[in-house]
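Everything numeric here is computed off the predicted structure, so don't read it as measured data. Just so it is clear: chains get the letters A, B, ... in the order the sequence lines come, proteins before strands, and each one is counted from 1.
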Amino acid sequence: MIRVLFFASLRERLQCDALELPSEGMSTVQEVFDALLQQSPLFAETLSSPKPLMAVNQEIAHATSPVKAGDEVAFYPPVTGG
Amino acid sequence: MIRVLFFASLRERLQCDALELPSEGMSTVQEVFDALLQQSPLFAETLSSPKPLMAVNQEIAHATSPVKAGDEVAFYPPVTGG
Amino acid sequence: MTFHKTIQVQTQDFDLQTEYQTLRTLSSGIGAIVQFVGLMRDINEGDEVSHLFLEHYPGMTEKSLDKIVEEARERWPLLGVRLIHRVGELTPSDQIVMVMVASAHRQAAFAACDFIMDYLKTRAPFWKKEQTNTGSRWVEAKDSDNQAADRW
Amino acid sequence: MTFHKTIQVQTQDFDLQTEYQTLRTLSSGIGAIVQFVGLMRDINEGDEVSHLFLEHYPGMTEKSLDKIVEEARERWPLLGVRLIHRVGELTPSDQIVMVMVASAHRQAAFAACDFIMDYLKTRAPFWKKEQTNTGSRWVEAKDSDNQAADRW
């Protein structure tokens, strides 16, 4: 399984903190993202625009970053700390 | 009269904190400086190289800055505060 | 001397004086300390703000702050860095974040402190939600386009 | 709010916490405070330094510091500046100078604090004489050529 986390406005709009996706056939963040778009019309609409930032195992990642079973993948809006 | 002040290493090398010069014929810092060079061989040598920085009435000045009777003219080495 | 580093993410307030004294007494080779403190303003985008809630991504937050400090340390000859970022509920004038950098010389301390704050603002996973008269809203990132630019 | 400015030249030490609290509580519009503290190092040009004597030009010192702060204020939207520079006898690890700048935003506070320190170092009439194992010596200005360049 791959654990997926959402934060801040994205978490609120998706009404979801976290979910698990089967890891079969998933080798990149892009593939995890594409699977999320299939979850529901709400997910498809919310995640498509603007496209979120992402992290794999708590490190900043890109669409092409590799993922494997057991990884933690996070999607989040632009950060506003400081 | 024009009051002349010296600071830091310049004061020590000249063995002089302050002196007064007659203001007659003096209209610029350059002229005050030239009069100081005439004071003694020690003054001539010490003030010629390196040439000091200067202030008139406690404001940063240049060789061409005007001076008049009653002014306070200071000569000092490069500053090292902070 | 060895490099001193402390990074904390916490809900409670911090005491600048304690932080400063700890950093200052590390070494008599320290010639410059630059401190940045971010405070909560009572106004944003023209609206009065009564509360702020700071969400973060526990685990990733600490990792990303550590990475930012290590990057600064590689670029400048630093003697110590102390960094505290608060999360949770805040009210106007509250301290939000503190970055304190010690170095032998001024330029390194200034440059590193500024650099750490720049990177923190664009890379550390914190999000602000503010409460105004008209309701609550997520604060918009000023550079949101930049942040997402090379990710996809 | 009106601009807040305090400039002091003094022999006694200063308490950073008191200074910070005074500045911080001026306005809830303050979003950023940048503080610089210069400390006396126990080594300079490779030699151990046991004491430092700071000479200044009373009267001109205060005027020049005021001018520097006013110049910073014209360039950036500042809410307050507190500046203290010590003179007289100092020992290693002593606080020498403090510049504290408050603004609504981070960039202005950083830029102004850095600017004030730059200008102070090249324009304010302070001179350091240090005591080493081998005697006392006046500290050489790193930019002595620049300082005198356009004067003659």
Side-chain angles (χ1 to χ4, degrees), chain C residues 1 14-21 23-44 48-50 52 79-80 90-118 120-121 128 142, chain D residues 1 14-21 23-44 48-50 52 79-80 90-118 120-121 128 142:
Chain C
M1 62 166 281
F14 50 81
D15 177 42
L16 213 61
Q17 182 70 357
T18 310
E19 298 300 319
Y20 172 67
Q21 288 303 343
L23 193 58
R24 184 189 160 183
T25 51
L26 285 177
S27 154
S28 49
I30 295 177
I33 293 181
V34 172
Q35 304 178 44
F36 173 82
V37 182
L39 301 168
M40 186 188 153
R41 297 170 63 218
D42 61 357
I43 200 155
N44 192 26
E48 245 180 74
V49 181
S50 61
L52 191 68
L79 295 170
L90 298 172
T91 53
S93 293
D94 274 356
Q95 301 185 124
I96 303 173
V97 57
M98 173 212 94
V99 179
M100 216 174 266
V101 178
S103 179
H105 302 289
R106 180 170 60 97
Q107 289 88 345
F110 262 115
C113 191
D114 199 7
F115 171 89
I116 290 170
M117 278 306 302
D118 260 347
L120 184 157
K121 284 207 168 239
K128 291 189 182 116
K142 295 224 164 55
Chain D
M1 61 164 284
F14 49 82
D15 178 42
L16 213 61
Q17 182 71 357
T18 309
E19 298 300 318
Y20 172 67
Q21 288 302 343
L23 194 58
R24 184 188 160 184
T25 51
L26 285 176
S27 155
S28 50
I30 295 177
I33 293 182
V34 172
Q35 303 178 43
F36 173 82
V37 182
L39 301 168
M40 185 187 154
R41 297 170 64 219
D42 61 357
I43 201 154
N44 193 28
E48 244 181 72
V49 181
S50 60
L52 192 68
L79 295 170
L90 298 172
T91 53
S93 293
D94 275 356
Q95 301 184 124
I96 302 174
V97 57
M98 172 212 94
V99 179
M100 216 174 265
V101 178
S103 179
H105 302 289
R106 180 171 59 98
Q107 290 87 346
F110 262 115
C113 191
D114 199 8
F115 171 90
I116 289 169
M117 278 306 301
D118 259 348
L120 184 156
K121 283 205 167 241
K128 290 190 184 113
K142 294 225 165 56

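- Using a 4.5 Å cut-off between heavy atoms, Gln107(D) does not touch chain C at all.
- Nearest heavy atom pair, residue Gln95(D) against residue Tyr20(C), reads OE1-OH, 2.6 Å.
- Heavy-atom pairs under 4.5 Å with chain D were tallied for Ile43(C), Val34(C), Asp114(C), Ile96(C); the largest tally goes to Asp114(C).
- Every salt bridge (charged side-chain N to carboxylate O under 4.0 Å, His left out) that Asp118(C) has, sequence neighbours left out, goes to Arg106(D).
- Interface remark: Ile33(D) contributes backbone and side-chain atoms alike to the contact with chain C (heavy atom separation under 4.5 Å).
- With a 4.5 Å cut-off on non-hydrogen atoms, Ala109(D) does not touch chain C at all.
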Pair Ile30(D), Arg24(D) - check side-chain contact (heavy atoms from CB on, under 4.5 Å), show working. CA-CA 7 Å; Ile30(D) 295 177; Arg24(D) 184 188 160 184; 5.9 Å; no

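- Of the residues considered (Gly38(C), Pro92(C), Ser93(C), Ala102(C)), Ser93(C) shows the highest number of contacts with chain D, using heavy-atom pairs under 4.5 Å.
- For Met40(D), the part lying under 4.5 angstrom from a heavy atom of chain C is the backbone only.
- Phe110(D) and Phe36(C) have parallel rings, their planes meeting at less than 30° on a 0 to 90° scale where 60° marks the start of perpendicular.
- Closest approach of Val101(D) and Ala112(D) over heavy atoms only: CG1-CB, 4.0 Å.
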